[in-house]
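So the structure is just underneath, and the comments pick up after that.
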Amino acid sequence: MIPVLEWAPRYNLATFQADLLAGVTVAILAVPQGISYARLANLHPIVGLCTYIYVHTLHMNFTYCFSTNVAVGNTAAVSLFLGSAVSSEVSPSDSPELYMCLLFTAAFFTGVFEAALGLFRLGILVEFFSRSTITGFMGGTAMVVMMQQLKGVLGMQHFTNKTDVVSVMSSIFCHRDEWRWESAVLGICFISFLLFTRHLEGIAVGRSLAAMKNEQIDANKEMIAFGLMNVIGSCFSCYLTTGPFSKSAVNYHAGSKTAMSNVIMSMCIMLVLLFLAPLFKYTPLVALSAIIIVAMVGLIEYEEAHHLFKVDKFDFVICMAAFFGVVFFSMTVGLLSSVGLSILRALLYVARPTTCKLGNIAGTEMYCDVQQYPNSIFSPDILILQLGSPVYYASAGYLKERIMKWIEEEETIARKSTEEHLRYLVLDMSGVTSIDNTGISMLLEVHRYAERRGIKIALTNPRIGVEEKLKISRYIDLVGEQRVFLSVKEAVEACRFAYQESKNKEEINVYDTKFVPYKKKKKENCFRSYVFDDLACMCLDDANDQRGLVGNGKEWDVTMLEKDYSALAGLEEVEVRFEICSIEKKSRIHLHIPT
């Protein structure tokens, strides 16, 4: 859909008045910036102004951009980057025509690349440029651009084409004889005046942007828009353009209603080229340098960097990597180093996902992280773990180690504190958005590990996609559909109910056997172990086992029998019954001595 067809039928005089004011206002800002940014790219100022004329018309009529406040144009960062990259291969002074053709060709292929990304719905790649990366990169770029303007402020004739701070400082001090104090004083005056006016403007723009309407912008459509704009614009001697924030903010503050404000701005610039261009011939270069320096000051976000340092130290490192990479090396190095650190951080989050043990908040049905809520309640026989991220091959091994370690720790705590042991493992899978085959294999290994220890597994709230994969892989059949629950609370209640039912259903098993006469050992002051029907083992040589012995109606304690083992001395044969008493939660042996 072409945007002009959306708003053109509803266009009226009031809207035109608003767009007229906005277009004229932005044109006043765009004329000096267009000349200055063209100089950064080592192009003739007319090329910079002509770029505005074509791209704004294309922006309104032939693109898919739906933002009514975007004022497109060239920027200092793009101009400097293109100028330094192309000038390293072709000299703009020795081969000006070839140099210009290369810049236009670069704009063409950049547009093709942008449009392709938008058509193939790859706008998500922009998400890899984090806020920390953008802050550091723009700050470093602003520093580089300002250092480049020292040539105009100091009135120098010879300057380096490199952008790193070492090369720039070396060039400045190597040509100290070219410094002109008159130019420096005039530049300082221009900069001071522009900073003062910029401060007043910034207050108004800041207040307006705070109440900016909530427009939903499709990143893919924006990439198609700017891609087509650069492809077509390059055929009309326009170099690379984008949507700078400074002009867009002024456009919004001036009351822009539709994209017609961009057309009005391009018409104003066309009139300037036709009637006022000769006057700009006498514009001092120091004034243009001052304009660029003031425009770049706003790109250095000191408060944002300080905020990153307080909130997230790693984000601050990413920001500084971009900043110092641009300042000391190049824009490419700074951007790649920062993006590389951002991707590394994302991979670490994937490979080391957040998992935690859950406990019940007293008086509620909520189960939360026990580290965050240390007073939460948890049962020693039920371990509840939350898997809070997708389970992929990169994180499967780590999750398996963590789950097994938690099981071992819980069993150790249970043995030390109570007579209970770990019976159930509840896995909260509400945060597992997806799982691959390696993740399913990991769950199978955990199940086998838990089964060997007599631990049953329950799952809570698996997502549809995850549950389907678990069913296809037969993991649900292995665990049991009756052990898949909607919430952690239901899973815990079901585990407790199942355990109570299993205790109540235990039958009293009676076994007949012969009692071997007691023979005291030299090193052991206790009874031996006896196996009944190869099913149960009653170990009487464990002094810590508080099981009772009853013979002919008299109860014998294990520790007493160890001291008075003569109580059964001389007996050749007794009837032995072994039973499990569910209610008292302990086992007994009944010795019936024949009379």
Calculate, to the nearest 0.5 Å, the distance between atoms [atom1] and [atom2] belonging to [X] and [Y] respectively.
{"X": "Thr51", "Y": "Phe104", "atom1": "OG1", "atom2": "CZ", "value": "7.0 Å"}
{"X": "Asp177", "Y": "His158", "atom1": "CG", "atom2": "NE2", "value": "9.5 Å"}
{"X": "Leu347", "Y": "Ser395", "atom1": "CG", "atom2": "OG", "value": "11.5 Å"}
{"X": "Asn74", "Y": "Leu43", "atom1": "CG", "atom2": "CG", "value": "9.5 Å"}
{"X": "Met442", "Y": "Tyr392", "atom1": "CE", "atom2": "OH", "value": "13.0 Å"}
{"X": "Met265", "Y": "Leu29", "atom1": "CE", "atom2": "CG", "value": "9.0 Å"}

Minimum side-chain heavy-atom gap [X]-[Y] below 4.5 Å:
{"X": "Pro353", "Y": "Leu399", "answer": "yes"}
{"X": "Ile172", "Y": "Leu154", "answer": "yes"}
{"X": "Met100", "Y": "Glu97", "answer": "no"}
{"X": "Ile291", "Y": "Phe190", "answer": "no"}
{"X": "Phe173", "Y": "Trp179", "answer": "yes"}
{"X": "Val47", "Y": "Leu103", "answer": "no"}

Self-check item: Salt-bridge criterion met for Asp315 and Arg345 (N-O under 4.0 Å)
Solution: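 Looking at Asp315 and Arg345, the cut-off is met.
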Where the side chain of [X] meets the backbone of [Y], is there a donor-acceptor pair that is under 3.5 Å apart?
{"X": "Asn230", "Y": "Phe226", "answer": "yes"}
{"X": "Thr110", "Y": "Ala106", "answer": "yes"}
{"X": "Ser183", "Y": "Val153", "answer": "yes"}
{"X": "Gln157", "Y": "Glu178", "answer": "no"}
{"X": "Ser338", "Y": "Leu335", "answer": "no"}

Any donor-acceptor pair under 3.5 Å linking the side-chain atoms of [Y] with those of [X]?
{"X": "Asp164", "Y": "Ser330", "value": "no"}
{"X": "Asn262", "Y": "Tyr52", "value": "no"}
{"X": "Ser389", "Y": "Tyr349", "value": "no"}

Self-check item: Full working for side-chain contact (heavy atoms from CB on, under 4.5 Å) between Val311 and His307
Solution: CA-CA 6 Å; Val311 175; His307 175 74; 3.4 Å; yes
Are there over 12 heavy-atom neighbours, none belonging to [X], within less than 6.0 Å of that residue's [atom1]?
{"X": "Tyr398", "atom1": "OH", "value": "yes"}
{"X": "Glu182", "atom1": "CD", "value": "yes"}
{"X": "Leu276", "atom1": "CG", "value": "yes"}
{"X": "Phe329", "atom1": "CZ", "value": "no"}
{"X": "Phe314", "atom1": "CZ", "value": "yes"}
{"X": "Met267", "atom1": "CE", "value": "no"}
{"X": "Arg180", "atom1": "CZ", "value": "no"}

Self-check item: Candidate pair Ile292 and Gln148, rule side-chain contact (heavy atoms from CB on, under 4.5 Å), full reasoning
Solution: CA-CA 10 Å; Ile292 296 177; Gln148 291 289 323; over 6 Å; no
Show the nearest heavy-atom pair for residues [X] and [Y], with the distance to one decimal.
{"X": "Ala290", "Y": "Gly187", "answer": "CB-O, 4.3 Å"}
{"X": "Ala107", "Y": "Cys238", "answer": "CB-O, 4.0 Å"}
{"X": "Met296", "Y": "Ala76", "answer": "CE-CB, 3.2 Å"}
{"X": "Leu49", "Y": "Ala30", "answer": "CD2-O, 4.5 Å"}
{"X": "Ser167", "Y": "Thr160", "answer": "O-CG2, 3.8 Å"}
{"X": "Ile134", "Y": "Phe129", "answer": "CD1-O, 3.7 Å"}

Exercise. Could you check whether the rings of Phe309 and Phe316 sit parallel, tilted or perpendicular, using 30° and 60° as the cut-offs?
Key: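 Rings of Phe309 and Phe316: perpendicular, over 60°.
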Practice problem: Please step through side-chain contact (heavy atoms from CB on, under 4.5 Å) for the pair Val168 and Phe159, ending with a clear verdict. | Solution: CA-CA 8 Å; Val168 171; Phe159 207 74; 3.7 Å; yes
Self-check item: Candidate pair Phe137 and Met331, rule side-chain contact (heavy atoms from CB on, under 4.5 Å), full reasoning
Solution: CA-CA 8 Å; Phe137 178 76; Met331 293 183 183; 4.0 Å; yes
